[in-house]
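First up is the structure itself, then whatever we jot down about it.
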There are 2 protein chains.
Amino acid sequence: MTKTAMPGFSPCNNATLRRAARKLGRFYDDVISPSGLKGTQYGLLYQIYVSNEPAMGTIAEAMVMDLSALGHTLKPLIRDGFVEAFADKDDRRVKRVRLTRQGLAKLEEATKLWSIAQQRFETMVGTQRAADLRAMLDEVAALDYGPPEAALPD
Amino acid sequence: MTKTAMPGFSPCNNATLRRAARKLGRFYDDVISPSGLKGTQYGLLYQIYVSNEPAMGTIAEAMVMDLSALGHTLKPLIRDGFVEAFADKDDRRVKRVRLTRQGLAKLEEATKLWSIAQQRFETMVGTQRAADLRAMLDEVAALDYGPPEAALPD
DNA sequence: CCCTGAAAGTGGCATATGCCACTAATTAGA
DNA sequence: TCTAATTAGTGGCATATGCCACTTTCAGGG
């Protein structure tokens with residue numbers, strides 16, 4: 001087996017994770033594309049859908065995403081009328097978001113496609129192994145890479 | 001435990017993978033940042049380093065990355081003098097790349113930082129579990145999501 | 001040797017993500 | 001109550017990634 005025939009096989013956990021993310025992302029994107037949404041956008045609409053008119057910070061936290069990055073990612077979805085934002089009534093600093101009627105319709109349309117991708121993937125790696133993988137990834141996403149220095153209790 | 005205290009827990013393999021990639025990416029980025037490189041750039045320099053004056057297409061394949069995306073990502077590294085490109089002598093369509101003296105020095109500098117991140121991560125999740133995770137991710141990156149339609153043999 | 005089709009990159013355009021510097025709105029204090 | 005510190009977002013800037021339309025080279029078939 002020539003080394004050029006296989007992936008990079010770097011021992012770096014980060015590089016390996018990104019490599020897999022690129023590949024899987026393209027797969028989901030391809031399958032979901034007929035809806036006009038990217039995989040990431042589908043995930044964002046879904047997160048908003050399952051939340052209760054969440055504040056931006058809440059979504060960012062749930063998605064383990066930078067708040068400003070979320071704001072950027074949200075723009076095209078708002079521009080296309082799938083999501084609408086409004087100020088919180090008790091704290092005007094807080095901006096909440098919700099799906100529009102179109103957004104909900106688009107989410108439902110995309111969910112059918114997502115199911116195909118999801119199922120195809122799970123058929124290939126096995127439902128149980130996929131669940132194990134997600135569990136491991138959830139753990140990674142929840143890790144607390146303690147503060148670089150200081151910030152110790154008391 | 002309030003639900004806002006944990007990640008989104010989406011059943012979507014793609015969303016879960018991206019979520020973990022964002023978190024881990026930031027961790028490695030933070031630790032490697034003193035070198036001035038991002039985690040992705042470190043990975044790219046490393047890949048070039050372990051290859052033999054690879055053609056762009058070869059790197060793209062090894063990293064399971066789009067060729068044009070690789071070209072874009074390579075620009076800042078060439079601009080900063082860490083990588084240099086040159087045409088293949090037998091096929092002028094092919095562009096090969098290699099690390100410059102500075103690039104090699106920067107890679108060595110960054111590798112020390114990378115080791116810290118790598119070790120901190122593995123201490124948290126366990127060396128064996130990290131290896132298992134990478135194996136699973138390498139498998140995902142190597143999957144063949146057969147052609148959408150047609151393209152069947154004969 | 002000329003023409004056609006495949007192969008390798010480039011550039012433009014759009015989304016994905018982060019960090020940093022700021023602004024606006026709240027809350028904690030004196 | 002007026003001010004300092006904190007919290008939630010925004011905008012700008014830079015990298016990360018992809019897709020598509022081209023341009024340049026090669027490899028073949030006549």
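All chains are named by letter (A, B, ...) in the order of the sequence lines, taking the proteins before the strands, and each is independently numbered beginning at 1.
- With sequence neighbours excluded, no residue forms a side-chain hydrogen bond (donor to acceptor under 3.5 Å, both in side chains) with A:R92.
- Taking the salt bridge (charged side-chain N to carboxylate O under 4.0 Å, His left out) definition, one finds that B:R134 meets it with B:E122, sequence neighbours left out.
- Residues satisfying the salt bridge (charged side-chain N to carboxylate O under 4.0 Å, His left out) criterion with B:D66, sequence neighbours excluded, are absent altogether.
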For residues 105-112 of chain B, which side-chain N or O atoms pair as donor and acceptor with protein atoms under 3.5 Å away, sequence neighbours left out?
from: B:K106; atom 1: NZ; to: B:S35; atom 2: O; distance (Å): 2.9
from: B:K106; atom 1: NZ; to: B:E109; atom 2: OE1; distance (Å): 3.1
from: B:T111; atom 1: OG1; to: B:Y42; atom 2: OH; distance (Å): 3.1
from: B:T111; atom 1: OG1; to: B:L107; atom 2: O; distance (Å): 2.7

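- Boundaries of the chain B contact region on DNA chain D are D:dT15 to D:dC26, first to last in 5' to 3' order (nucleotide atom under 4.0 Å from a heavy atom).
- Residues satisfying the side-chain hydrogen bond (donor to acceptor under 3.5 Å, both in side chains) criterion with B:Q102, sequence neighbours excluded, are absent altogether.
- For A:R93, the side-chain contact (heavy atoms from CB on, under 4.5 Å) criterion is met by A:D91, not counting sequence neighbours.
- Contacts between residues 67-87 of chain A and DNA chain C, defined by a heavy-atom separation under 4.0 Å, are made by A:S68, A:A69, A:H72, A:T73, A:P76, A:R79.
- For B:P34, the side-chain contact (heavy atoms from CB on, under 4.5 Å) partners are B:L113, not counting sequence neighbours.
- Using a 4.0 Å cutoff on non-hydrogen atoms, the parts of residues 90-117 of chain B near DNA chain D are B:D91, B:R92, B:R93, ordered by number.
- Partners of A:R26 under the salt bridge (charged side-chain N to carboxylate O under 4.0 Å, His left out) rule, at least two apart in sequence or in another chain, do not exist in this structure.
- Within 6.0 Å of the CD atom in B:E53, the count of heavy atoms belonging to other residues, nucleotides or ligands exceeds 12.
- Toward the 5′ end of DNA chain D lies the nearest nucleotide of A:K38, the other residue of the pair A:K38 and B:K89 mapping further downstream.
- Every residue was checked against the salt bridge (charged side-chain N to carboxylate O under 4.0 Å, His left out) condition with B:D80, not counting sequence neighbours, and none meets it.
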